Amino acid sequence: MSHFKVLVTDYEYETFAPEKEVLDKLGLELTFAQCRTEDDVIEAARDADALINQYAPISRRVIESLEKCKVISRYGVGFNTIDIEAATEKGIIVGNVTDYCLDEVSDHAMALILSCARKVTLMNNEVKKGNWNFNVAVPIFRLRGRTLGLVGFGNIPQTVAKKAQAFGLDVIAFDPYVPEEVAKQANVELVTLDELCERSDFISVHAPLNQHTQGMISHEQFNKMKKEAFIINTARGPVIDEAALIAALQEGKIAGAGLDVVEVEPIEATNPLLQMDNVILNPHSAFYSVEAETELKRKTAENVADVLSGYYPTYLVNRDVKVKVSLKDKE
């Protein structure tokens, strides 16, 4: 299979041992680029049989320029860098990895919830300034019996729910695509987004970023939240309307936020969130652990290996592509 060109469009990794372990078995070799723009991708990927993508834009224009591509596999759960509709129209399979960081992201969401609830980061910063006084964090409310609202109820938030319930939190969720019985089995109540905003003491965002979810948490939603509520985001920054969030924090409409993601990454030096003591900011790190990164890289490569071997990948994003592409299902 060495005649296939497998291109990594862009990357932040120092090693590709997991990918090579998978692809070497089929005689496939990786080629590498550091594409930042559509034009970069078009130039590097025109004759590629497969793309492995991190952040580079795989737009309709890019996809229409691809002459041989059979599969685009993304490092991650989200696939907002790729025009799925265009790929499907062209008969290109899109793969992601939906289950590589369930514990990492759910642990990180819980860490942010706990830090907001107990105001750990705030008190740490005050102690380091020489202020040994817990009153800087008043009021702190008992966690048990309070309500966590999950925006989205896929694999990661379902894992969050189990961990949150162990702390005594009542869990509700908004997800119009999840069957009622799935929520009931998890002892979670499905509600509307409005009801979730009104009832929750903590709101944890887990929705994917697409045309339907961009800015879905905005002024209207913040106006419905409790003044004691905290919002947590370990999904994608633009799911929350950041201007609305900043206004809600400045006006005291909510108590604070724990954000692993923001609208523009890296965060801009002039962003008001940087000056707010009631906001915890992390650099889009919730997905990471040594084990998760290895698993992600291996499974991303397996998507490519599957397709180039004549099989649909385990992690198939655009199932409608089966109308145009006839491959074998994996047993």
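No experiment lies behind these values; they were computed from the predicted model shown.
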Exercise for review: Output yes when K299 and D99 qualify as a salt bridge under the 4.0 Å nitrogen-oxygen rule, no when they do not.
Suggested key: yes
Check your understanding: Any donor and acceptor pair, going by atom type alone, linking the side chain of N223 with main-chain N or O of H219 inside 3.5 Å?
Key -> yes
Exercise for review: Cation-pi check, K328 to Y312: give yes when NZ or CZ is under 6.0 Å from the six-membered ring centre and within 45° of the ring axis, no otherwise.
Suggested key: no
Check your understanding: Going only through I, L, V, M, F, W and Y residues with side-chain contacts under 4.5 Å, is there a path from I231 to F174?
Key -> yes
Check your understanding: Quick one: does L273's side chain get under 4.5 Å of L249's, heavy atoms only?
Key -> yes
Review point. Where the side chain of S285 meets the backbone of N282, is there a donor-acceptor pair that is under 3.5 Å apart?
Key: no
Check your understanding: Do K70 and I92 touch side chain to side chain, with heavy atoms closer than 4.5 Å?
Key -> no
Point to revise | From N53 atom CG to R74 atom CZ, the distance as rounded to the nearest 0.5 Å | key: 6.0 Å
Review point. Is there a chain of hydrophobic side chains (I, L, V, M, F, W, Y, each step under 4.5 Å between heavy atoms) that links V171 to L102?
Key: yes
**Study point:** Straight-line distance of L259 CG to N233 CG, nearest 0.5 Å
**Key:** 6.5 Å
Check your understanding: Is I58 linked to V8 within one hydrophobic cluster, defined over Ile, Leu, Val, Met, Phe, Trp and Tyr using a side-chain heavy-atom separation of less than 4.5 Å?
Key -> no
Check your understanding: Do R146 and F141 meet the cation-pi criteria used here (NZ or CZ under 6.0 Å from the six-membered ring centre, within 45° of the axis)?
Key -> yes
Review point. Heavy-atom count around Y311 OH within 6.0 Å, excluding the residue itself: above 12?
Key: no
Exercise for review: For N133 and N135, run side chain to side chain donor-acceptor pair (under 3.5 Å): C-alpha distance rounded to whole Å, both residues' side-chain angles, the deciding distance at 0.1 Å, then the answer.
Suggested key: CA-CA 5 Å; N133 187 348; N135 285 301; 2.9 Å; yes
Review point. Centre of Y13's six-membered ring, under 6.0 Å away, within 45 degrees of the axis: is that where NZ or CZ of K297 sits?
Key: yes
Check your understanding: Is the side chain of S326 donor-acceptor paired with the backbone N or O of K322 at a distance under 3.5 Å, no angle test?
Key -> no
Review point. Can you check whether L196's main-chain N or O pairs, donor with acceptor, with S200's side chain at less than 3.5 Å?
Key: yes
Revision key, fill the gap. Between R46 and S65 the two heavy atoms that sit nearest each other are CG-O, 3.5 Å
**Study point:** K227, NZ atom: more than 12 neighbouring heavy atoms under 6.0 Å
**Key:** no
Review point. Can you check whether I232 reaches V205 side chain to side chain, under 4.5 Å on heavy atoms?
Key: no
Exercise for review: Apply side chain to side chain donor-acceptor pair (under 3.5 Å) to the pair N303 and T300, showing each step before the final yes or no.
Suggested key: CA-CA 5 Å; N303 286 336; T300 302; 5.5 Å; no
Review point. Between D241 and A244, is there a donor-acceptor pair closer than 3.5 Å when you use the side chain of the first and the backbone of the second?
Key: yes
**Study point:** Where T81 and A56 come nearest, the two heavy atoms and their spacing
**Key:** CB-O, 3.9 Å
Point to revise | Geometric cation-pi criterion, K253 with F222: 6.0 Å, 45° | key: no
Practice item. For the pair E19 and V22, evaluate side-chain contact (heavy atoms from CB on, under 4.5 Å) and give the outcome as yes or no after the intermediate values. Key: CA-CA 5 Å; E19 295 94 326; V22 171; 6.0 Å; no
Practice item. May I ask you to decide whether K184 forms a salt bridge with E181, counting only side-chain N to carboxylate O separations under 4.0 Å? Key: no
Exercise for review: Determine, for D49 against K5, whether the closest basic-nitrogen to carboxylate-oxygen distance falls under 4.0 angstrom.
Suggested key: no
Study note, to complete from the structure: Output for pair (N278 CG, L122 CG), nearest 0.5 Å, gives 8.5 Å
**Study point:** Spacing of CG belonging to L23 relative to CZ belonging to R298, to within rounding of 0.5 Å
**Key:** 12.5 Å
**Study point:** Polar side-chain atom of N96 near backbone of G78 as donor-acceptor pair, under 3.5 Å
**Key:** no
Practice item. Please examine the side chains of D103 and S106, heavy atoms only from C-beta on, and report whether any two atoms are closer than 4.5 Å. Key: yes
Study note, to complete from the structure: Paired with K224, the side-chain contact (heavy atoms from CB on, under 4.5 Å) test is passed by just one of E220, Q221, K226, namely E220
Exercise for review: Would you mind reporting whether V239 and Q214 have side-chain heavy atoms less than 4.5 Å apart?
Suggested key: no
**Study point:** Atom pair NE2 (H206) and CG (N155), whose distance is rounded to the nearest 0.5 Å
**Key:** 12.0 Å
Exercise for review: State which residue, out of V94, V97, V307, fulfils the side-chain contact (heavy atoms from CB on, under 4.5 Å) condition with P313.
Suggested key: V307
Exercise for review: Check for a donor-acceptor pair, side chain of E104 on one end and backbone N or O of S289 on the other, with a separation under 3.5 Å.
Suggested key: no
Exercise for review: Tell me, with the steps shown, if Y177 and F153 meet ring pair (Phe, Tyr, Trp, His ring centres under 6.0 Å).
Suggested key: CA-CA 9 Å; Y177 303 104; F153 199 59; over 10 Å; no
Exercise for review: Using the rule that two of Ile, Leu, Val, Met, Phe, Trp, Tyr join whenever any of their side-chain heavy atoms come within less than 4.5 Å, decide whether V160 and L143 are in one cluster.
Suggested key: yes
Review point. With a 4.5 Å heavy-atom cut-off, do I172 and R199 have their side chains touching?
Key: yes
Check your understanding: Are the side chain of K163 and the backbone N or O of M110 linked by a donor-acceptor pair below 3.5 Å?
Key -> no
Study note, to complete from the structure: So CG of D170 and CD of E189: to nearest 0.5 Å the spacing works out to 9.5 Å
Review point. So, do I254 and L245 sit near enough that their side-chain heavy atoms are less than 4.5 Å apart?
Key: yes
Check your understanding: Does the ring centre of F16 sit less than 6.0 Å away from the ring centre of Y11?
Key -> yes
Review point. In terms of hydrophobic clusters joined by side-chain contacts under 4.5 Å, are V6 and Y55 together?
Key: no
